[in-house]
Protein chains: 2
Amino acid sequence: MSSIQDVATLANVSAATASRALSRPDMVAQPTRERVLHAAQQLGYQPNMLARSLRQRETRTIGVIVTDILNHFHATLAKGVQDAADRHGYTAFLFNTDEDAGKERRALDTLRGHLPQGLIVVPTAHSRENLKLVPNLPIVELDRVTGNPGVTTVTVDNIGGARAATKHLIGLGHTRLGMIVGKQDISTAVERHAGFQQTLEEAGIEYHPELVLPGEHREEDGRHAALRLLSLPAHLRPTALFVGNNEMTVGAVLAARELGLNIPDDLSIVGFDDSRWAQTMTPPITVVAQPAYDLGVLACDHLIAQLGYLQAGHLQSGRARASPARVQLPTQLIVRQSTAPPVCVSTV
Amino acid sequence: MSSIQDVATLANVSAATASRALSRPDMVAQPTRERVLHAAQQLGYQPNMLARSLRQRETRTIGVIVTDILNHFHATLAKGVQDAADRHGYTAFLFNTDEDAGKERRALDTLRGHLPQGLIVVPTAHSRENLKLVPNLPIVELDRVTGNPGVTTVTVDNIGGARAATKHLIGLGHTRLGMIVGKQDISTAVERHAGFQQTLEEAGIEYHPELVLPGEHREEDGRHAALRLLSLPAHLRPTALFVGNNEMTVGAVLAARELGLNIPDDLSIVGFDDSRWAQTMTPPITVVAQPAYDLGVLACDHLIAQLGYLQAGHLQSGRARASPARVQLPTQLIVRQSTAPPVCVSTV
DNA sequence: TTGAAAGCGCTAACAA
DNA sequence: TTGTTAGCGCTTTCAA
């Protein structure tokens, strides 16, 4: 690896001049600049970011932490962030927590050592605590929120999404609706549940807590919850299911199949978050789709805008920090063939 | 961010001693060590990796480049690598190329600036050229190979996988087999095609080039190719399809559905690479499954082993580099319900 | 317009 | 066992 000194020597200038020729071309006479550029090219010179960042006290780097890179939604978030970062000339370092407090802590520590200038995080239930590890770091919470007051959040309208799904089912004539809901320690699960409950009540349909079963977001959880709900006596059994996340929806569909229930005749299902399998399954699943890529891009754009703002010195000038943004994107209900009016078996 | 100097001051020692207390505890008297550790804890000290790496000329960092992080297979590779790196105390920086030469080049340049000690790459068709950007960097090629002689490769037995798939179809009684094959500029596509062709010939079944259609790995390509193959006159139409990758398999299934063909009665399909939708589709798809996570882990383990070997000075001692490993993992044919004997319509 | 010098935070060689 | 010193590669004063 050739250093700036090598370039300088080859171009017959000092290291300082070589540095300027590359980073601030207008501070250098044209012939000199050309000599340096040529030398740099010839040597395949690539600046050592460690040294540059150390000196400039600025890495042009951001950290990205998602909870499950194997989940297509999260992979898409990450890609959106990375693409946007790239456009801004930033490099994004991606970490994965598997919803695990310890891994999150280690990711934050590792990240901290590399001095990112900002952080985009899909928080876990432990982030509120863990994020104290990186005080003074501009943070954008993505997809979920911790309630941490100072930070920018980029989320989806979960309440609206849940409402749309629930209304859709009610509109089809369902009156016994079940929900499989994520663990209530993350905001999306809470909001989706709230939207469901609200909508029932507004429609004058009684909310039956026993028809709302929790799961920890995994396929197996969805399957178990669905098995329990669908095994209720016929007059108690829900005719429609709203499932609060992607993975659990698969489980619910598999459970229905296991019990020999026909979708959508015996059971309507709406999932949250679209996916390849939701489209290719038989029948294709009605879902609340989320603009994952855009969420990622927006999170990054906001973070980097905030960095510019801070750099412009506004932090110094009084405590007038940019008030944190609350970005919320709409969801989209995609009606496919897993939802239909209930078959009127129990009209007594 | 507090520095080692802050820790040193608080503990009443020199920076050097503080450094030693943290990195080489046994070089420091116990009471001193305890003072330093306590001070570090109190300040929430985290070493600045930029400075450390700059000084030690070693970043404990590796680069990871995949071609499509949205593809579950690649996401799994990346996770395997990252988990393994973590276990070894290395940090993995992940980049994504979208099979694009320019993006790959930029990823390599960015990476280079951060001085990774090694690189794990899923090469594109342009990697052979692009990898010249990082000479002297230990490289592991993952999933695909460029033919570059010096590097370690970690792949799957694509030929074996394709053979197993083809044999399975032949065993069911198919004699007109079609293949939808990836663009022949990456090794996996070439090998899978070779396995297919070999197996036909060994079985004494004539290889019909017109039944082998190329695609560029995307769903739409698979759909188009399948539409063409399946629109052939009945006596020419293949009764079974081997599809060379994941995404194109979806397309092929959709094409069959569009044409009103029943799977597996009218058409058997085997895909390469398992996936959620392959399992949940109706019917579930027979596939050649790949141990993606293990591939990632192995790639990382081998790379890091190689780094240790180099560090141990073997590079200096003559040109006796560790001869590059050629790791190859087996695939597994998972027979599901998309394959069955052909219905004997044309037995004349 | 250019160069000399200092220093970002850290650790390794050397000295005490 | 500890401290002093130097220097990793870079950029940015400051001076010429």
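Taking a cutoff of 4.0 Å between a charged side-chain nitrogen and a carboxylate oxygen, A:Glu104 and A:Arg128 do not qualify as a salt bridge. Of the charged side-chain nitrogens involved, at least one lies within less than 4.0 Å of a carboxylate oxygen, so that A:Asp109 and A:Arg112 count as a salt-bridged pair. Using a 4.0 Å cut-off between charged side-chain N and carboxylate O, B:Lys79 and B:Asp83 make a salt bridge. Note on A:Lys132 versus A:Glu129: salt bridge recorded, some NZ/NE/NH1/NH2 to OD/OE distance being below 4.0 Å.
For residues 7-22 of chain A, the side chain to side chain donor-acceptor pair (under 3.5 Å) pairs, not counting sequence neighbours, are A:Gln5-A:Thr9, A:Ser14-A:Thr17.
Residue-level contact check: B:Ser53 touches neither bases nor backbone, having no heavy atom under 4.0 Å from any strand.
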- [ ] Treat primed atoms plus P, OP1 and OP2 as sugar-phosphate and everything else as base, then score nucleotides 9-16 of chain C 5' to 3': B for base contact with protein heavy atoms under 4.0 Å, S for sugar-phosphate contact only, - for none.
- [x] BBBBB---

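Running 5' to 3' along DNA chain D, contacts with non-hydrogen atoms of chain B at under 4.0 Å begin and end at D:dT1 to D:dG9.
Atom-to-atom, CE of A:Met27 to P of C:dG3 comes out at 13 Å; the value is rounded to the nearest Å.
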Task: Test log, rule ring pair (Phe, Tyr, Trp, His ring centres under 6.0 Å), inputs A:Tyr309 and A:His302 - done: CA-CA 10 Å; A:Tyr309 187 81; A:His302 273 268; over 10 Å; no

- [ ] Could you please spell out the steps behind the side-chain contact (heavy atoms from CB on, under 4.5 Å) verdict for A:Val13 and A:Thr32?
- [x] CA-CA 8 Å; A:Val13 293; A:Thr32 317; 3.6 Å; yes

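A distance of 12.0 Å separates CG of B:Leu298 from CG of B:Leu303, quoted to the nearest 0.5 Å.
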